[in-house]
Amino acid sequence: MYNAFVTRIKNLRKHSNADRLLCGECFGNTVIVGLDTQPDELGVYFPVDGQLGVEFAQKNDLLRRKDENGSPAGGYLDPEKRNIKALKLRGEKSDGLFMPLSSLADFTDISQLKEGDTITQLNGVTICEKYIPVRKKGNSVGAGNRTRKRKDPISPLFMEHADTEQLPYNLSAFHQGDLVEITLKMHGTSQRTGYLPVLSGYKKSFMDKLLRRPGKPIYDWGYVTGTRRVVLDTFDGGFYGSNAFREQHAKVFEGKLHKGETVYYEVVGFTDDGTPIMASCDNKKVGDKEFVKQYGKQTVFSFGCDPNGVDAPKSAFYVYRMTTTNEDGDVVEYPPFFMRYRCEQMGVNCVPLLWSGFVPESDSPGEWVKTVAECYYDGADPIGKSHVREGVVCRIVNRPKFTAYKHKNFAFKVLEGIIKEVASAPDMEESQEVADAA
């Protein structure tokens, strides 16, 4: 879920290369603001990866436009996309958008807003929402993945993976004594496989046959696979045109999962036809010579895979979560050490563990965890080594339910924003989910 946050801007300073701009911080992220911004001013912060509502953007003169001669006449956001993205502006990081609280005055009584409030809509008007690129016309998506339209669920105990929220906005979730694991966040497509009761047919009574009713659904133990949101009845169609590359990984678990187990994993590399699972990017667009020097002219999220399947498999997968579900639908979360034990038994990979430990006594346990996470969230991907890593996931192990928060580095955020400008590319998983659900 995407939200804007009512917060104060911190550590205000002069921009290093622009006399009419200032730099400040919101949730540890650098934001660029105008000279009229005051130290510790209360305002509204929009993180990257969001889209401003049309009315809000218009009222605050944020949309790019031209005068009668075709020259720029104010605004800087694309009128259609209105998306917030990470970039460098004259050498300084811009990681989100900070607006004065007065920018919301046309939509609510701003005197009622307080620090810590989250905003998506005000009085029925959309202020912001998650930015999901719209695929360009002509990029057809194959049919298939239609099980969601069946009247009876194909596997009612097949649970979706919980959304992982951003670490900087959830620091209060961490407490002294928590056991925390920091693992690599991998930039691929989510997949899940379970050994669960699966719809196998229907039992029809005499009246069902007479009235031509489908009858009572029959469930039997079987294997079921899906993306993060969609259950796959076949591996045809879907966002990539074919989900055949998923099938080989799903079959690895057949005969290995115990009754009730569900495994959640990230598939990385390339599809069967050699297309990158996550879209590539021209690194020159990042605007950072050191980045190009380290990672080359193009970022391809290969994770050591080979698009031709010669020197390495075309794709690979890494498990990040396992659960067991009884026939009443009660879900038990496997602690990470037991997940790794089960993966070792099955001969499959887990996401790399980067750090594990207890949160010490601290005035701000969440800030302490964030500081540790930032020792690991940037730099070259440790598997493929040829591209920047996405970031890390910080999981609180001693919670009965899956509790984890992601933390992306700035360089990846910039790449992500550039990739999303090419809406026809298979770039972001949320685009895939929209396509699969179409």
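Not measured: the values here are computed from a predicted model.
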Does V198 reach the side chain of D220, with side-chain heavy atoms less than 4.5 Å apart?
no
What is the ring orientation for Y223 with Y195, classed by angle as parallel under 30°, tilted 30 to 60°, or perpendicular over 60°?
parallel
For Y334 and E261, the nearest pair of non-hydrogen atoms, with its separation, is OH-OE2, 2.7 Å
Minimum-distance pair of heavy atoms, taken over all atoms of D311 and D306
N-OD2, 2.8 Å
Can you confirm whether more than 12 heavy atoms, excluding those of R90, are under 6.0 Å from its CZ atom?
no
Should we say atom CD of Q345 is surrounded by more than 12 heavy atoms from elsewhere, each under 6.0 Å from it?
yes
Look at atom CZ of F338 and say whether more than 12 heavy atoms of other residues, nucleotides or ligands are closer to it than 6.0 Å.
yes
Taking the six-membered ring for Trp and the full ring for Phe, Tyr or His, determine whether the centres of F5 and F27 are under 6.0 Å apart.
yes
If you count every heavy atom of other residues, nucleotides or ligands that lies below 6.0 Å from K285 atom NZ, does the total exceed 12?
no
Mutual orientation of the aromatic rings belonging to F301 and F412 [parallel < 30°, tilted 30-60°, perpendicular > 60°]
perpendicular
Can you label the angle between the F317 ring and the F253 ring as parallel, tilted or perpendicular, going by 30° and 60°?
tilted
Does the side chain of N398 come under 3.5 Å of the side chain of D178 through a donor N or O and an acceptor N or O?
yes
Lys/Arg-Asp/Glu bridge criterion (N-O < 4.0 Å) met for K85, E416
no
Test E390 against K185 for salt bridge (charged side-chain N to carboxylate O under 4.0 Å, His left out), laying out the working first.
CA-CA 6 Å; E390 178 176 351; K185 189 173 191 321; 3.1 Å; yes
Over 60° means perpendicular and under 30° means parallel, so classify the ring planes of Y264 and H161, tilted if in between.
tilted
Can you confirm whether Q298 is buried at CD, in the sense that more than 12 heavy atoms of other residues, nucleotides or ligands lie under 6.0 Å from that atom?
yes
Thinking salt bridges, do E333 and R395 make one under a 4.0 Å N-O criterion?
yes
If the threshold is 4.0 Å, N to carboxylate O, is there a salt bridge linking K297 and D282?
no
